[in-house]
J.: 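Please read through the structure below; I'll follow up with questions.
Chain letters run A, B, ... following the sequence lines, proteins first and then strands; every chain starts at 1. As a basis for the values below, the full set of heavy atoms in this structure was taken, side chains included, without hydrogen atoms, waters or symmetry mates.
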Amino acid sequence: EAEVAQSPRYKITEKSQAVAFWCDPISGHATLYWYRQILGQGPELLVQFQDESVVDDSQLPKDRFSAERLKGVDSTLKIQPAELGDSAMYLCASSELPQGLVGNEQFFGPGTRLTVL
Amino acid sequence: QKEVEQNSGPLSVPEGAIASLNCTYSDRGSQSFFWYRQYSGKSPELIMFIYSNGDKEDGRFTAQLNKASQYVSLLIRDSQPSDSATYLCAVGTNAGKSTFGDGTTLTVKP
């Protein structure tokens with residue numbers, strides 16, 4: 001069964017360091033999402049890609065976070081510099097349908113658990 | 001006020017009972033509605049989706065949608081201890097964006 005792949009699964013870093021997360025969506029899925037989930041809360045959208053284009057990054061802290069999906073397939077989310085408050089689960093999801101169509105169920109990868117010391 | 005509201009719980013039901021999970025949303029333009037199950041330390045897993053008013057059944061799960069009341073619910077029949085998890089409600093717009101609630105924690109006691 002096709003799955004969303006993410007790496008690493010766990011990352012421990014010190015504040016002010018740079019971290020990067022990688023996501024490979026289900027093959028053929030046009031839309032890719034990065035979420036941040038703090039313990040006890042629901043996932044919060046950071047950035048949404050349609051193919052290689054960003055369609056929503058309104059909640060992405062752009063002073064320290066960046067995301068790219070250069071060839072419209074896999075994607076990288078970077079944090080530089082990391083802060084204590086960035087400790088969370090970072091989830092990647094993908095959906096088959098492009099934006100504008102009802103029915104774009106999202107499928108999540110296993111996530112990356114980030115701890116900033 | 002959050003865009004998607006869920007009772008945080010915890011909701012506790014005995015094994016074999018019906019668990020009822022509720023969700024309200026504020027955006028009347030919302031078109032798609034999803035329920036995800038999330039075990040502790042794991043990522044969300046899609047279990048149900050519904051787009052039209054009424055009921056949709058899949059095995060022991062039934063999703064109910066009332067757009068006029070801006071309300072969506074999930075019923076789990078014959079609850080099992082393995083159903084113990086946090087259930088996330090997500091509401092989608094035609095822009096492909098989904099907004100998640102903070103989840104309801106369900107505990108099914110043997």
Side-chain angles (χ1 to χ4, degrees), chain A residues 1-7 9-10 21 23 26 29-51 53-60 88-113 115, chain B residues 1-10 21 23-27 29-53 56 58 61 63 65 67 72 74 85-105:
Chain A
E1 184 175 308
E3 295 181 341
V4 177
Q6 286 188 250
S7 67
R9 295 291 304 277
Y10 304 92
F21 312 130
C23 172
I26 294 172
H29 278 198
T31 309
L32 184 148
Y33 308 81
W34 282 102
Y35 290 91
R36 176 172 58 189
Q37 186 177 25
I38 296 169
L39 192 64
Q41 299 182 15
E44 174 193 19
L45 181 69
L46 293 175
V47 61
Q48 175 183 344
F49 288 94
Q50 178 67 47
D51 298 313
S53 300
V54 173
V55 296
D56 187 343
D57 64 355
S58 57
Q59 299 303 310
L60 187 71
M89 174 80 89
Y90 289 82
L91 296 162
C92 178
S94 69
S95 65
E96 182 178 9
L97 300 178
Q99 64 170 352
L101 294 179
V102 175
N104 55 338
E105 300 92 71
Q106 297 180 28
F107 298 92
F108 283 84
T112 297
R113 172 73 66 187
T115 302
Chain B
Q1 182 182 7
K2 289 179 66 71
E3 294 180 45
V4 179
E5 298 266 10
Q6 295 182 254
N7 292 327
S8 61
L21 305 162
C23 174
T24 58
Y25 59 95
S26 59
D27 185 354
S30 301
Q31 298 188 10
S32 49
F33 307 86
F34 308 92
W35 284 100
Y36 289 83
R37 177 176 61 200
Q38 187 172 29
Y39 293 114
S40 181
K42 303 296 185 181
S43 62
E45 173 193 9
L46 180 66
I47 55 172
M48 288 287 289
F49 56 89
I50 186 167
Y51 308 128
S52 302
N53 277 329
K56 179 182 179 182
D58 184 1
F61 299 96
L65 174 61
K67 289 185 178 180
V72 58
L74 179 70
T86 295
Y87 289 80
L88 298 165
C89 171
V91 175
T93 69
N94 61 4
K97 175 181 175 179
S98 288
T99 301
F100 285 77
D102 286 338
T104 298
T105 300

J.: Less than 4.5 Å to any heavy atom of chain B: does that hold for the side chain of A:Q37, its backbone, both, or neither?
T.: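 Answer is side chain: those atoms of A:Q37 sit under 4.5 Å from chain B.
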
J.: Return the set of residues passing ring-ring contact (aromatic ring centres under 6.0 Å, His included) with B:F49 (not counting sequence neighbours), or none when no residue passes.
T.: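 Partners of B:F49 by the ring-ring contact (aromatic ring centres under 6.0 Å, His included) criterion, ordered by chain and then number, come out as B:Y51.
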
J.: So how far is it from A:Q41 CD to B:T86 OG1, rounded to the nearest 0.5 Å?
T.: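 Taking CD in A:Q41 and OG1 in B:T86, the distance rounds to 12.5 Å.
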
J.: Quick one: which of B:S43, B:C89, B:A90 has the most heavy-atom pairs under 4.5 Å with chain A, could you say?
T.: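 Answer, by heavy-atom pair count under 4.5 Å with chain A: B:S43.
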
J.: For B:S98 and A:Q106, which heavy atoms make the closest approach, and how far apart are they?
T.: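 Where B:S98 meets A:Q106 most closely, the heavy atoms are OG-NE2, 3.3 Å.
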
J.: Do you know the tightest heavy-atom contact between B:L88 and A:G42?
T.: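 In this case the closest contact between B:L88 and A:G42 is CD2-CA, 4.2 Å.
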
J.: Decide yes or no for B:K42 and A:P110: does some side-chain heavy atom of the first lie under 4.5 Å from some side-chain heavy atom of the second?
T.: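 No, too far: nothing below the 4.5 Å cut-off.
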
J.: Over all heavy atoms of both residues, which pair between B:L46 and A:E105 is shortest? Give the atoms and the distance, please.
T.: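 Distance-wise, the nearest heavy atoms are CD2-CB, 3.5 Å.
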
J.: State the OH-CZ distance between B:Y36 and A:F108, to the nearest 0.5 angstrom.
T.: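 Here the rounded value is 5.0 Å.
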
J.: Counting heavy-atom pairs under 4.5 Å to chain B, which of A:P43, A:G109, A:G111 comes out on top?
T.: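 Sorted descending by pairs with chain B, the first entry is A:P43.
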
J.: What part of B:Q38 gets closer than 4.5 Å to chain A, counting heavy atoms only: side chain, backbone, both or neither?
T.: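 The side chain, not the backbone.
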
